[in-house]
Amino acid sequence: MMKIFLNRFYETVISGFRYSRIILLSVQILISLFFYSNSFGQDDSKPIAKVGNQIITLEEFRDRYEFMPHLNYSSDNKDTLKKEFLYSLIAEKLWALEGLEKGVDTLDVVRSSLKTLEKLFVKDELFRNEVESKIKVTSEEISKGLLRVSRTLYVKIITSSDSSEIFRIYNHLVNFNNFDSLLALRPEYNSQQKPLQIKLGTLSDEYAEDVVFDLKLNEISVPILSNNNWFIFRLENEEIDSTILSDNETARNKTISILSERKRKALAGKYLDKVIGGRTISANSELFNLFADTLVNIIQKRIDEKSPELSNIIELKPDDLQRSLKLLDKEKLNSLFVEFDSTKLSLKDFIYYLMYQKVSFPSTKSNRIKSVMNKVVKQFIEDEVITQEGYKRRLNHLSSVRKDIDIWKNYYVSELMLQTFNDSVSVSDSEVENYLSQKLTTDSNQLQLNIAEIFTPQLDDLMIVLDELNKGSDFTDLAKKYNQREYTKKSNGQWGYFPANSAGLIGKIASEMEIGQVYGPIKVEDGYSIIKLIDKKIFSDSLIKISDEPRDYIKMKLSLTRLNDLINKNTAQLALKYNVTIDEKLLRTIELSELNMFTYRLIGFGGKIAAMPVTIPVFEWYYLLNSMTEIP
């Protein structure tokens, strides 16, 4: 068995300084993200649509719309955009209902994913109860903080774990004032080529902060004990941010935020010490090595088959983990991996945990990957210990947790249902020839488009792309890194010119976009796409362009059209089956934020997930259905 000793402590992190332990930033306690919707005077519980026995409330519609990106739909018109977003959300609910009827929610992949998410939400609720609710900042603390919030101190530090040594050094400095020459002989000097910055809240120890902020230029502090280490500070320089005035609201809000964060981390640290500190918990080393070896082979094969990583850092991808689930024996997957108290966790539990963690490796060498994974196992055990505290309090039964689980459950089930269409979409060689033959008999003057596409089978990669686009990253650079469409990799995702009516929803949307505009995500065969319109023209000689296209390229475009038609036709049938109703009046009056960004939900005690599932555009079913019957 592999024994892991769990102990919580604060390590030093000031820039690259690795020797002292007075700074708090090592145990990174991520804050829960609270969603405060601007209700604009409207009742957020009011239903905007009903789909069978499910209700889409105003709150869910607004959260799904505002917290996840939707890079344009078929129109820039706000009313049309709201409608098509709602129709897409309804489509998700319809396919979820159909999947629930077929028992898709009982599949292992769904149950395991939802259980992992439930643990995250339970851990987050525990954080709110034990940490967030206990944060109190006094008026005296705010007043003192306002005097410091605009100041940046530049310091150098001498540190030692030996009290006799540190006081001997201090007495020497008092008599000879040779701080720099003495520091130059010590190991901590290597991390202090430049003075270290200290601002309000940088130091976890409030007494240490008081001492340092009271220093005069070139003055040294008395020895300060923190976390079993001793420190002597010397003030090298100081800067004042003239834009932060101590008497304005911005300074006050910033001060309260910094002080609250310090208290948040301190409270979280104390609670973790109470719950976790001192435990020795064993993990099954045989299963660990089996999984790690499997992962090494999967990652190496992935890199060999595709292009090498663009950086030295190798990201662990969800697809790597899905492959490991298929390769490992079921008996091994279900074997006991970790046990503590009455909690028993399998290797499969650990693998699903990894799907919600950001893990990267410095190389593909087995020992380096195992070293990283060993740290992740430790974090896994810590998270499980914390989560079990939440289960003891029955936090998993809270309405807020159940609501979050239901949203993700509908999303997972609907995605699995839509994926079933991929296998039913195929284009034969004879259909390609028929397509070309039909084009030869039609008017050649037609709209031709050129787009750049970022295609990825993995939703996690798509979320990263959306996040990067919203930060202003270049589309071409992202296409080089993330596009997985084999025959457009060499062209940085560009398709080349193609008829607008030959590529299903992608062609329809692109034909209505402005040059330079970006749209996505789009559900396509085997994955998801984000597109950018490069150019549009009317070609009179388009027949030559069509006949010169590779057959696989034509098959791809035809399959996109077929997949889009198939999904929308079947969605329209489900709308009839489950009786969809929409409150059009409420939809018209709802006001939404103009922000369009990817939002993460930070989980208390560490971790993050997407704030909401990404809503994939599936809205043409409504117009198809409306041509046959009216939705009340």
Side-chain angles (χ1 to χ4, degrees), residues 6 8-10 13 23-39 44 59-60 62-63 66-67 116-142 144-145 149 199-206 209 249-250 252-277 356-358 379 382-405 407-408 599-612:
L6 301 181
R8 306 301 300 191
F9 59 91
Y10 296 125
V13 181
I23 310 303
L24 177 66
L25 304 180
S26 65
V27 181
Q28 188 176 3
I29 312 299
L30 295 180
I31 315 161
S32 297
L33 178 64
F34 292 96
F35 300 114
Y36 296 108
S37 295
N38 186 353
S39 63
D44 278 358
E59 179 185 24
E60 181 181 357
R62 181 180 285 118
D63 286 350
E66 293 181 341
F67 290 127
T116 303
L117 276 174
E118 182 184 83
K119 290 179 179 180
L120 287 175
F121 298 144
V122 166
K123 189 172 68 158
D124 200 34
E125 288 292 341
L126 184 66
F127 185 84
R128 295 184 191 185
N129 292 342
E130 289 294 329
V131 178
E132 205 69 40
S133 64
K134 298 178 181 179
I135 296 171
K136 290 179 176 57
V137 182
T138 67
S139 57
E140 291 78 12
E141 289 171 325
I142 295 171
K144 186 167 66 173
V149 71
K199 298 182 180 182
L200 175 66
T202 304
L203 302 176
S204 62
D205 191 316
E206 293 184 41
E209 182 176 271
E249 194 65 24
T250 301
R252 181 179 177 83
N253 290 338
K254 184 173 182 179
T255 299
I256 293 173
S257 175
I258 291 170
L259 297 178
S260 297
E261 177 63 9
R262 179 159 61 191
K263 288 179 180 289
R264 182 177 290 111
K265 290 177 178 178
L267 287 166
K270 288 178 182 177
Y271 183 75
L272 291 175
D273 284 336
K274 173 185 172 184
V275 174
I276 296 175
Y356 295 90
Q357 307 299 314
K358 185 174 178 62
Q379 187 61 53
E382 290 182 356
D383 283 347
E384 285 292 340
V385 172
I386 298 166
T387 302
Q388 292 309 314
E389 289 296 312
Y391 278 116
K392 288 177 186 177
R393 303 185 191 191
R394 298 178 62 81
L395 297 181
N396 53 312
H397 295 293
L398 290 177
S399 59
S400 57
V401 173
R402 299 326 308 168
K403 184 179 75 171
D404 288 335
I405 290 295
I407 288 173
W408 283 96
T599 310
Y600 284 107
R601 173 175 177 173
L602 303 180
I603 302 297
F605 297 118
K608 68 179 181 180
I609 60 171
M612 291 284 167

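All values reported here derive from a predicted model rather than from experimental measurement.
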Could you tell me whether the side chain of [X] and the main chain of [Y] form a donor-acceptor pair under 3.5 Å?
X: Glu209; Y: Gly201; result: yes
X: Ser257; Y: Asn253; result: no
X: Lys123; Y: Gly606; result: yes

Which heavy atom in [X] sits nearest to a heavy atom in [Y], and how many Å separate them?
X: Val401; Y: Leu395; value: CG2-O, 3.4 Å
X: Val137; Y: Ser260; value: CG2-OG, 3.5 Å
X: Leu120; Y: Ile609; value: CD1-CG2, 3.5 Å
X: Gly604; Y: Phe127; value: CA-CG, 3.4 Å

Flag side-chain contact, heavy atom, 4.5 Å: [X] against [Y]:
X: Lys119; Y: Glu384; result: yes
X: Glu206; Y: Arg262; result: yes
X: Ser400; Y: Glu125; result: yes
X: Trp408; Y: Glu118; result: no
X: Ile135; Y: Leu267; result: yes

(message) Strictly below 4.0 Å, N to O, side chains only: are Lys144 and Glu140 in salt-bridge contact?
(response)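 Judged by the 4.0 Å cut-off on N to carboxylate O distance, Lys144 and Glu140 do not form a salt bridge.
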
(request) Determine, for Arg601 against Asp404, whether the closest basic-nitrogen to carboxylate-oxygen distance falls under 4.0 angstrom. (result)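 Yes.
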
[X] [atom1] to [Y] [atom2] distance, which is reported to the nearest 0.5 Å:
X: Lys265; Y: Leu272; atom1: NZ; atom2: CG; value: 13.0 Å
X: Leu126; Y: Arg393; atom1: CG; atom2: CZ; value: 5.0 Å
X: Thr138; Y: Leu259; atom1: OG1; atom2: CG; value: 8.5 Å
X: Asn129; Y: Lys134; atom1: CG; atom2: NZ; value: 8.5 Å
X: Phe121; Y: Ile603; atom1: CZ; atom2: CD1; value: 6.0 Å
X: Glu132; Y: Arg264; atom1: CD; atom2: CZ; value: 4.0 Å

(message) Tell me which one of Ile256, Ile258, Thr250 satisfies side chain to side chain contact (heavy atoms under 4.5 Å, CB included) with Val149.
(response)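 It is Ile258; the other options fail the test.
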
(message) Please evaluate residues Glu389 and Lys274 with respect to the criterion salt bridge (charged side-chain N to carboxylate O under 4.0 Å, His left out), reporting the C-alpha separation (whole Å), side-chain torsions for both, the decisive distance (0.1 Å), and the verdict.
(response) CA-CA 11 Å; Glu389 289 296 312; Lys274 173 185 172 184; over 6 Å; no

(request) List for me each residue that meets salt bridge (Lys or Arg N to Asp or Glu O under 4.0 Å) alongside Lys199, sequence neighbours excluded, and say none if there are none. (result)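 Expected list: none.
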
(message) Please enumerate all residues that pass ring pair (Phe, Tyr, Trp, His ring centres under 6.0 Å) together with Tyr271, with sequence neighbours excluded.
(response)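 Checked Tyr271 against ring pair (Phe, Tyr, Trp, His ring centres under 6.0 Å); matches are Phe605.
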
(message) Distance alone, cut at 3.5 Å: any donor-acceptor contact between the side chains of Asp383 and Gln379?
(response)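 Distance-only check passes for Asp383 and Gln379.
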
